[in-house]
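First up is the structure itself, then whatever we jot down about it.
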Amino acid sequence: MATDTLKSTSSADSATGGLRRLLLDNGALTALIVLVIAMSALSGDFLTTDNLLNVGVQAAVTAVLAFGVTFVIVSAGIDLSVGSVAALSATVLAWSATSHGVPVLIAVLLAVVTGIAAGLVNGFLIAYGKLPPFIATLAMLSVARGLSLVISEGSPIAFPDSVSHLGDTLGGWLPVPVLVMVVMGLLAAFVLARTYIGRSMYAIGGNEEAARLSGLRVKKQKLAIYALSGVFAAVAGVVLAARLSSAQPQAADGYELDAIAAVVIGGASLAGGTGKASGTLIGALILAVLRNGLNLLNVSAFWQQVVIGVVIALAVLLDTLRRKAGATPVAGASQGGKGRQAATYGLAAVVTVAIVGATSFLHNGSSSTANPKVGLSLSTLNNPFFVQIRSGAQAEAKKLGVDLTVTDAQNDASQQANQLQNFTSSSLGAIIVNPVDSDAASNSVKAADKAKIPVIAVDRGVNKASVDALVASDNVAGGELAAKTIGEKLGGKGKIVILQGQAGTSAARERAQGFAQGLKAYPGIQVVAQQPADFDRTKGLDVMSNLLQAHPDVQGVIAANDEMALGAIKALGSKAGTSVSVVGFDGTPDGLNAVKDGTLYASVAQQPSQLGKIAVDNALKALEGKKVEETIKVPVKVVTKENVAGFTG
């Protein structure tokens, strides 16, 4: 009896230990299953074919970038340049094919060669120049992004139609980006498991000195490893640009952090020596499921960043626990180990389908809210102007009984495309979009049109796609007003500087165009310098401080928004409002306060809260089948100290 009890206890302990080891060895997979189940339970819109395909599309670019970063991290390196290299490769393709008539096939090869070249430079600096990988790739991040802006002159370049099909679907339902992700994932898995360079990555990451002493040519292998990372970055850039129908010079900004996060979440160690392509794919899917589900649940974009940061921290903690528990490393596996791994994935799929199927009953038969649902995708909420659009929209939605879901694209055209896809596949009745870029939003708006969802554009239009209405001020006309205001203030002559907006955005281009047209009427006004400050107050301060060193006698400043104008005022100090007149744009609360104080001479106010209010009104009309005007212009107004008291915004 005692023996039987002991055996029973030992079996129970063994089962518990086996389960614990299984969870530790497959922590990322476990997390993905839990997330899918949780999102399915929380949102009835998550578990639909369209939305699951959206998740795959949204994971594709990050996954392809991350496969390349996996090579680097397995070899105990880091690559911070992949996002910028992706943008540069896509820009080279579009620039050579559209602006210079290079055959598309050769243009694609040039894009891949660009990625390889960037990777080789990284590898050379690290292997032969002895630079730390962090420093070398950080330098390439800046160089590649700068070259992308130089080549494109800060504006998006239309992508060749033959390559843009990479952003389409096969058979009307299977997204090509998902196929590219799968193919590149299989290639990455093959390289890691079946090639000499793959084994070299694990050897170098495990112990570089031992690898060198065993006869491995470490320096040459590092060149090849970083070149491979560049190839995957180039492919990711082409896929991203195809989705957006244009090569955006600011595309994939910050994606290197997502790629690194996907690799770490997938079980690789930053110390090197471990990592696998399947884990990286799971990591990318976790990030995509998180963002997709949180969007569907109307969670603030700011909180989404917090959640993703917590997930990354937990992934690293799990890696530490796995190592302490002696869990199976993921550097390689025997045939038996691979068989067990396949069985684990199969079991996970069965369990997930069963539980998700059960949770779907939670949403069956549930009555949807009687209130109409509208989605609002803003280009950014890191700017008071767009915050006021949101406030006006939310106030009007509350008044009309509309359920309004607001998302923040963070000035990332790809992220906005993801958000619009989520809106289209969910139960929203209408969509309001404030495009990051007018060209990049076209494919997403076309998909919404195909789904018979009304789309209202606010502040900026959408090119090459049909919207039910455009609610906007005229940025070009506003720019002309700003030029006229500064020209009249200076009596038609004097030296001025212009602080431009973020390169590549339609607002920056249109306002700059207005400034140029308006200044033609004042030939005595000399523009001594024009520099971008990215619509940011801090950058406005820094750029203006630098320009004052070269042009201390400047008499006027035109800024493409109030935030940059306020930064310029800080740099000017006592000169602002006395010897130097500053004109801003937008009419934000801080800008209007500066007008009252006299430090800001004028602001071209667009009444952003009215833009948000009118957009919601027209979205509801379109949703109810009522006729809406194609263009609703909200007049801009020059606000000075004389009339600021009566301006409400």
Side-chain angles (χ1 to χ4, degrees), residues 383-385 388 459-460 472-503 505-537 539-540 543-544 547 551 554-569 571-572 576-577 580-596 598-608 611 633-644 647 649:
N383 183 308
F385 176 78
Q388 286 184 281
D459 186 49
R460 303 165 187 165
S473 303
D474 191 330
N475 277 317
V476 176
E480 292 179 354
L481 273 177
K484 179 181 178 182
T485 301
I486 199 74
E488 291 179 351
K489 173 62 177 175
L490 297 181
K493 56 184 178 181
K495 296 180 179 179
I496 68 168
V497 300
I498 296 177
L499 298 182
Q500 301 167 323
Q502 185 173 16
T505 60
S506 56
R509 293 196 303 272
E510 291 166 4
R511 293 178 188 185
Q513 180 184 344
F515 298 155
Q517 290 179 3
L519 289 173
K520 289 179 181 177
Y522 301 93
I525 297 289
Q526 180 186 0
V527 180
V528 295
Q530 298 187 63
Q531 289 292 327
D534 298 346
F535 293 128
D536 182 79
R537 190 181 302 197
K539 290 185 179 178
V543 171
M544 192 67 215
L547 293 178
H551 308 285
V554 68
Q555 297 162 282
V557 177
I558 301 177
N561 78 340
D562 284 346
E563 286 295 288
M564 293 187 296
L566 293 170
I569 287 169
L572 289 165
V580 180
S581 299
V582 182
V583 175
F585 208 116
D586 283 344
T588 64
D590 285 351
L592 296 179
N593 286 333
V595 171
K596 291 177 184 177
T599 52
L600 182 63
Y601 174 67
S603 178
V604 179
Q606 296 193 83
Q607 307 182 74
L611 290 174
K633 289 291 185 183
V634 179
V636 293
K637 182 178 182 179
V638 177
V639 181
T640 62
K641 198 168 185 177
E642 284 70 31
N643 62 356
V644 68
F647 182 75

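You'll find the side chain of N643 reaches within 4.5 Å of the side chain of K637, heavy atoms only. E488 has its side chain within reach of Y522: a pair of non-hydrogen atoms, C-beta onward, lies under 4.5 Å apart. Residues V497 and Q530 are not in side-chain contact: their nearest non-hydrogen atoms beyond the backbone lie 4.5 Å or more apart. Residues I525 and I486 are not in side-chain contact: their nearest non-hydrogen atoms beyond the backbone lie 4.5 Å or more apart. Between M564 and D536 the shortest side-chain heavy-atom distance does not fall below 4.5 Å. Looking only at side-chain heavy atoms (C-beta outward), T485 and Y601 come within less than 4.5 Å of each other.
Here D562 does not pair with R537 in a salt bridge; the nearest charged N to carboxylate O distance is not below 4.0 Å.
Tested against M544 for a side chain to side chain contact (heavy atoms under 4.5 Å, CB included), the candidates I569, V582, V580, V557 yield a single pass: V557.
Under a 3.5 Å cut-off, the side chain of E480 and the backbone N or O of G514 do not form any donor-acceptor pair. The backbone N or O of V634 lies less than 3.5 Å from a partner atom in the side chain of S473, making a donor-acceptor pair. Distance alone, capped at 3.5 Å, is enough to place a donor-acceptor pair between the Q607 side chain and the P635 backbone. Here the side chain of N475 pairs no donor or acceptor atom with the backbone of A508 at under 3.5 angstrom. For the pair D586 (side chain) and F385 (backbone), a donor-acceptor distance under 3.5 Å is absent.
When every heavy atom of G587 is checked against every heavy atom of S603, the shortest pair comes out as N-OG, 3.0 Å. A602 approaches T640 most closely through the heavy-atom pair CB-CG2, 3.8 Å. Closest of all the heavy-atom pairs between V543 and P532 is CG2-O, 3.8 Å. The two residues Q388 and P589 have their closest heavy-atom pair at OE1-CD, 3.4 Å. In terms of heavy-atom proximity, G591 sits nearest to L600 at O-CD2, 3.5 Å. In terms of heavy-atom proximity, A565 sits nearest to A559 at N-CB, 3.6 Å.
Note that CZ of F535 and CG of L499 are 11.0 Å apart. Values are rounded to the nearest 0.5 Å. F585 CZ to N561 CG: the interatomic distance, rounded to the nearest 0.5 Å, is 9.5 Å. In this structure, CG on N383 lies 10.5 Å from CD on Q502, to the nearest 0.5 angstrom. Interatomic distance, CG of L490 versus CD of Q555, reported as 6.0 Å (0.5 Å rounding). The OG atom of S581 lies 10.0 Å from the CG atom of L572; values are rounded to the nearest 0.5 Å. Rounding to the nearest 0.5 angstrom, the gap separating the CD1 atom in I498 from the CD1 atom in I558 is 5.0 Å.
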Please step through side chain to side chain contact (heavy atoms under 4.5 Å, CB included) for the pair I496 and Q526, ending with a clear verdict.
-> CA-CA 6 Å; I496 68 168; Q526 180 186 0; over 6 Å; no
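Applying the side chain to side chain contact (heavy atoms under 4.5 Å, CB included) test to R460 and every residue at least two apart in sequence or in another chain returns S379, F386, N434, P435, S438, S506, A507.
Counting heavy atoms of neighbouring residues, nucleotides and ligands inside a 6.0 Å radius, atom NZ of K493 does not exceed 12 of them.
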